[in-house]
Amino acid sequence: MADEVRVRFAPSPTGNLHVGGARTALFNWLYARKVGGKFILRVEDTDQGRSTLDSVLGILKGMQWLGLDWDEGPEVPGDYGPYFQSERLDHYRGYADQLMEKQLVYPCFCTPEEIARIKDEQVAAGNDPNYDGRCGCLSQDQVSKMLGSGMDYTIRFRTPDTGETILYDQIRGKVVFRNDLLEDFVIRKSDGMPTYNFAVVVDDALMNITHVIRGDDHISNTPRHILLYQALGFKLPKFFHLPMILGSDKLRLSKRHGAVSVHEFDKMGILPDAMLNYLALLGWSLDGKTEFFTRKQLIKAFSLKRVGSNPAVFDPAKLNWLNASHFMKLSVHDKVEGVYDIMYAEGMDVPDLDEDLAHQMGKIIKLYGKRIKNFPEGAWTLKPFFETYPEYLTAAVTEHLTDEPAARLQVIADRIETMEVFCAEEVEDVVREQAQEEGVEAATIIHALRVALLGCSVSPDVFKLCELMGRELVLIRIRGRQWSSDGHGLKTEI
RNA sequence: GCCGCAGUAGAGGAAUUGGCUAACUCACCACUCUUUCAAAGUGGAGAUUGCGGGUUCAAACCCCGCCUGCGGUACCA
């Protein structure tokens with residue numbers, strides 16, 4: 001099992017699971033599932049000020065919604081736990097001590113203010129604003145004395161002054177960093193917590209992570225990580241730096257661009273599989289042609305070799321299109337359930353979902369076909385079928401339900417009432433006959449009828465609609481109200 | 001400022017990695033059919049591959065310079 005692939009997603013709980021994080025998680029998960037490795041979820045909560053339990057819960061929920069199951073992590077015990085960094089302090093302390101013994105790190109007593117001043121001075125002198133490593137030159141005596149006095153201190157890593165650190169990134173290739181440009185960086189904060197740069201390295205090594213797949217915002221931190229791996233005598237994992245996901249203005253994706261956290265997409269009616277599919281297309285492609293993937297197909301097709309290196313703009317329109325493709329593949333049964341859930345959640349007036357209702361809803365959904373592209377749309381589409389009167393759109397009434405056609409509908413209603421068999425074909429016959437008798441286009445009656453029935457001017461075949469609504473409801477809608485011809489919708493209620 | 005990454009139609013993104021007219025998808029436009037709408041049919045437009053040089057018979061691809069965006073330069077991750 002020495003060669004087992006182990007990858008991880010390591011979010012910091014400072015907010016909900018967001019598109020960028022979800023994509024990173026997805027690529028790790030896909031790779032693990034593809035090669036039969038392990039996918040680990042680790043919570044990086046070393047920032048005591050910003051980490052919250054709510055965020056942890058939100059992230060777990062987001063992962064679960066997407067169906068990105070982890071093999072080790074919160075709620076899933078494993079051999080490498082705990083999986084919260086705040087519970088792994090002993091490890092960091094142990095390795096920090098080890099480095100201290102080897103003189104590879106040193107305590108730094110400078111306050112943040114002093115550091116800022118040092119850097120300002122350096123800038124003023126025309127140098128790079130790097131910490132000058134002065135505490136690294138303190139004598140043993142001085143150090144013990146200051147330590148004894150109970151002063152706050154951080155621990156800094158002594159970076160080499162010469163040479164280069166080379167990252168062989170599996171996506172970008174060779175990236176060279178000059179060591180003299182790296183300042184002695186902090187590995188432990190004065191509150192005793194490790195910094196990110198230290199904790200990732202210790203944890204990735206201890207958890208036997210073989211492939212580090214993360215956002216490319218970490219690429220500049222990687223030389224620090226490599227130096228730490230070397231200092232600690234750990235074996236280097238393979239690094240993959242994924243391109244960023246940007247907003248429409250090519251700026252880092254944020255709330256300004258609309259929905260960014262996965263639960264918002266859930267609320268919009270995006271299906272988890274569609275979200276996964278779309279996210280996969282951001283930075284990865286199979287052949288540039290295939291765009292639709294089920295979860296299974298994605299696992300099968302995915303390859304880190306086909307991950308690109310240029311940032312991608314998040315396009316909600318394409319997400320919606322892809323979502324509709326996934327939605328269309330759903331069974332009627334699934335659509336009914338999803339639509340019902342939303343109707344219920346939205347407080348629409350629906351009876352309990354029994355077999356009859358499911359059957360009825362299924363028929364409507366089938367009739368609407370591709371017009372319904374997601375659950376919320378379905379809910380709003382079905383709503384009028386469960387009310388006495390729909391909401392009448394003024395524009396629709398004004399256009400199609402003026403006095404004349406409205407009057408014609410009353411005649412139609414009378415004929416509908418007396419017809420022997422109430423069905424689509426019969427209603428259509430009646431409407432067409434009526435149109436012919438009055439010498440008008442059937443379309444004008446059809447349009448009027450549609451608006452009378454639904455309140456809007458868009459729907460599938462009206463006659464089939466009638467059949468689904470049932471004679472009683474159709475009559476109520478035609479006769480129950482009068483419409484104002486001045487364009488202001490309803491005039492009176494009878 | 002310094003260091004790093006990236007730049008192919010509006011967006012995603014292909015191009016056997018030096019070789020045909022730079023694919024394909026979304027978005028957009030037009031026309032058609034219809035009972036309105038539609039992811040229904042048909043067609044269309046949109047790219048000096050960021051810019052400028054160079055190497056070559058041949059450059060999206062290699063070399064040099066520049067520009068732009070982003071990231072790092074934190075006791076954030």
Side-chain angles (χ1 to χ4, degrees), chain A residues 10-14 44-47 49-51 85 108 110-112 115-116 119 122-123 126-131 152-156 167 169 171-172 175-178 181-183 185-197 199-200 214-224 241 243-244 246 248-252 278 281-292 306 308-322 324-325 328 368-373 396 399-400 428 431 441-447 449-451 456-463:
Chain A
S12 64
T14 53
E44 309 223 322
D45 54 350
T46 51
D47 185 336
R50 296 199 306 150
S51 300
Q85 290 190 324
C108 171
C110 299
T111 62
I115 303 281
K119 294 191 175 181
Q122 284 177 341
V123 171
N127 296 320
D128 290 343
N130 279 348
Y131 176 64
D152 273 356
Y153 67 97
T154 60
I155 295 181
R156 284 182 187 269
L167 158 65
D169 189 273
I171 291 174
R172 285 151 220 276
V175 185
V176 180
F177 301 89
R178 276 169 52 188
L181 264 16
L182 280 181
E183 66 176 359
F185 56 92
V186 174
I187 66 160
R188 189 164 85 191
K189 313 179 212 175
S190 54
D191 65 1
M193 288 300 228
T195 57
Y196 161 74
N197 286 318
V200 242
R214 67 194 357 169
D216 98 5
D217 45 336
H218 289 301
I219 202 161
S220 305
N221 282 321
T222 311
R224 289 176 246 276
H241 287 97
M244 300 260 96
L246 311 175
S248 48
D249 49 8
K250 303 248 177 187
L251 260 34
R252 199 193 184 113
Y278 180 66
L281 260 20
L282 256 28
W284 169 83
S285 74
L286 173 63
D287 52 15
K289 289 191 169 96
T290 319
E291 308 237 77
F292 181 93
R306 295 284 306 178
S309 54
N310 44 320
V313 172
F314 185 85
D315 180 5
K318 189 148 183 176
L319 205 212
N320 279 324
W321 165 77
L322 208 44
S325 314
M328 285 190 303
Y368 271 80
K370 291 175 188 166
R371 288 175 176 81
I372 299 177
K373 298 201 276 290
E399 196 181 343
H400 298 296
E428 178 159 8
V431 168
E441 295 251 8
T444 60
I445 303 185
I446 288 169
H447 289 144
L449 181 57
R450 176 180 291 115
V451 176
C456 65
S457 54
V458 175
S459 86
D461 186 293
V462 250
F463 306 116

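Here is how names work: the chains are called A, B, and so on, in the same order as the sequence lines, proteins then strands, and each is numbered from 1.
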**OP:** Map F177(A) and M244(A) onto RNA chain B by nearest heavy atom, then report which one ends up closer to the 5' terminus.
**Re:** F177(A)
**OP:** Rounded to whole angstrom, note down the P distance from G43(B) over to C26(B).
**Re:** 15 Å
**OP:** Give a yes or no answer on whether the side chain of N221(A) reaches the backbone of R224(A) with a donor-acceptor pair at less than 3.5 Å.
**Re:** no
Original post:
Over how many whole Å does the gap from I372(A) atom CD1 to C37(B) atom C1' extend?
Top reply: 13 Å
Original post:
In whole Å, what separates the P atom of A47(B) from that of A11(B)?
Top reply: 12 Å
**OP:** State, with a plain yes or no, whether a side-chain heavy atom of W321(A) is found less than 4.5 Å away from one of K373(A).
**Re:** no
**OP:** Look at all strands and tell whether M193(A) reaches a base, only sugar-phosphate, or nothing, counting heavy atoms closer than 4.0 Å.
**Re:** nothing
Subject >> Minimal non-hydrogen separation, S51(A) against T14(A), with atom names >> reply: N-CG2, 4.2 Å
**OP:** Tell me the stems RNA chain B sits in, counting at least three consecutive Watson-Crick or G-U wobble pairs, each under 3.5 Å on both distances.
**Re:** B:1-7 with B:67-73, B:10-12 with B:24-26, B:28-32 with B:40-44, B:50-54 with B:62-66
**OP:** Indicate, with a heavy-atom threshold strictly under 4.0 Å, whether V176(A) touches base, sugar-phosphate, or nothing.
**Re:** sugar-phosphate
Original post:
Roughly how far apart, to the nearest Å, are C5(B) and A45(B) at atom C1'?
Top reply: 34 Å
Subject >> In U17(B), glycosidic geometry as syn within 90° of 0 or anti otherwise >> reply: syn
Original post:
How long is the line joining CZ of F185(A) and P of G72(B), in whole Å?
Top reply: 16 Å
Original post:
Mind checking the C1' distance from A27(B) to C67(B)? Whole angstroms is fine.
Top reply: 29 Å
Subject >> Beyond-backbone contact of T154(A) with C108(A), side-chain heavy atoms, under 4.5 angstrom >> reply: yes
Table of protein N/O atoms under 3.5 Å from nucleotides 75-77 of chain B N/O atoms:
unit_1	atom_1	unit_2	atom_2	d
C75(B)	O2	S190(A)	N	2.7
C75(B)	O2	S190(A)	OG	2.6
C75(B)	N3	S190(A)	OG	3.0
C75(B)	N4	C110(A)	O	3.2
C76(B)	OP2	K189(A)	NZ	2.8
C76(B)	O2'	D47(A)	OD2	2.9
C76(B)	O2'	R50(A)	NH2	2.9
C76(B)	O2	R50(A)	NH2	3.4
A77(B)	OP1	T46(A)	OG1	2.6
A77(B)	OP1	D47(A)	N	3.4
A77(B)	OP1	K189(A)	NZ	2.7
A77(B)	OP2	Y196(A)	N	3.0
A77(B)	O3'	E44(A)	O	3.4
A77(B)	O3'	E44(A)	OE1	3.1
A77(B)	O2'	S12(A)	OG	3.2
A77(B)	N6	N221(A)	ND2	2.8
A77(B)	N1	N221(A)	ND2	3.3

Sub-3.5 Å pairs of nitrogen or oxygen atoms, protein against nucleotides 30-36 of chain B:
unit_1	atom_1	unit_2	atom_2	d
U35(B)	O2	R450(A)	NH2	2.4
U35(B)	O4	D461(A)	OD1	3.3
U35(B)	O4	D461(A)	OD2	2.5
U36(B)	O4'	H447(A)	NE2	3.1
U36(B)	O2'	S457(A)	O	3.3
U36(B)	O2	S457(A)	O	3.0
U36(B)	O2	S459(A)	N	3.1
U36(B)	N3	S459(A)	O	2.5
U36(B)	O4	R371(A)	NH2	3.4
U36(B)	O4	S459(A)	O	3.1

Original post:
Using a cut-off of 4.0 Å between protein heavy atoms and nucleotide atoms, how would you tag nucleotides 9-27 of chain B 5' to 3' with B, S and -?
Top reply: --SBSSS-------BBBS-
Subject >> Spacing between R252(A) atom CZ and G69(B) atom C1', to the nearest angstrom >> reply: 13 Å
Original post:
Roughly how far apart, to the nearest Å, are C61(B) and A22(B) at atom P?
Top reply: 15 Å
Subject >> Closest approach of Q122(A) to Y131(A) (non-hydrogen atoms, all atoms of both residues) >> reply: OE1-N, 4.4 Å
**OP:** Kindly give the heavy-atom pair with the smallest separation between P460(A) and R450(A), and that separation in Å.
**Re:** O-NH2, 3.8 Å
Original post:
Angle class for the F314(A)/Y278(A) ring planes (parallel below 30°, perpendicular above 60°, tilted otherwise)?
Top reply: perpendicular
Quick test: give all pairs of protein nitrogen or oxygen and nucleotides 47-52 of chain B nitrogen or oxygen below 3.5 Å, distance rounded to 0.1 Å.
none

**OP:** For the pair R306(A) (side chain) and W284(A) (backbone), establish whether a donor and an acceptor sit closer than 3.5 Å, ignoring hydrogens and angles.
**Re:** no
**OP:** For I219(A) and U73(B), give me the distance from atom CD1 to atom P, rounded to whole Å.
**Re:** 14 Å
Original post:
What integer number of Å spans the C1' atoms of A6(B) and A60(B)?
Top reply: 15 Å
Subject >> Distance in angstrom units between R178(A) CZ and C2(B) P, rounded >> reply: 12 Å
Original post:
Do Y196(A) and Q85(A) come close enough that some side-chain heavy atom pair is under 4.5 Å?
Top reply: no
Original post:
Mind checking what makes salt bridge (charged side-chain N to carboxylate O under 4.0 Å, His left out) contact with D315(A), not counting sequence neighbours?
Top reply: none
Subject >> Donor-acceptor under 3.5 Å (N130(A) side chain, L181(A) main chain) >> reply: yes
**OP:** Considering only atom C1', compute the distance from G12(B) to G1(B) and round it to an integer number of Å.
**Re:** 35 Å
Original post:
If every non-hydrogen atom of D45(A) is compared with every non-hydrogen atom of P13(A), which pair is closest and at what distance?
Top reply: CB-CG, 3.8 Å
Subject >> 4.5 Å side-chain heavy-atom contact, P223(A) and L182(A) >> reply: yes
Original post:
Is the shortest heavy-atom distance from the side chain of T222(A) to the side chain of R214(A) under 4.5 Å?
Top reply: yes
Original post:
Between G50(B) and U8(B), how far is it from one C1' atom to the other, in whole Å?
Top reply: 10 Å
Original post:
H241(A) pairs by side-chain contact (heavy atoms from CB on, under 4.5 Å) with which of V175(A), D217(A), I171(A), D169(A)?
Top reply: D169(A)
**OP:** Could you pull out the closest heavy-atom pair between G308(A) and P243(A), with the gap in Å?
**Re:** O-CD, 3.4 Å
Original post:
Any side-chain heavy-atom pair from K189(A) and T195(A) closer than 4.5 angstrom?
Top reply: yes
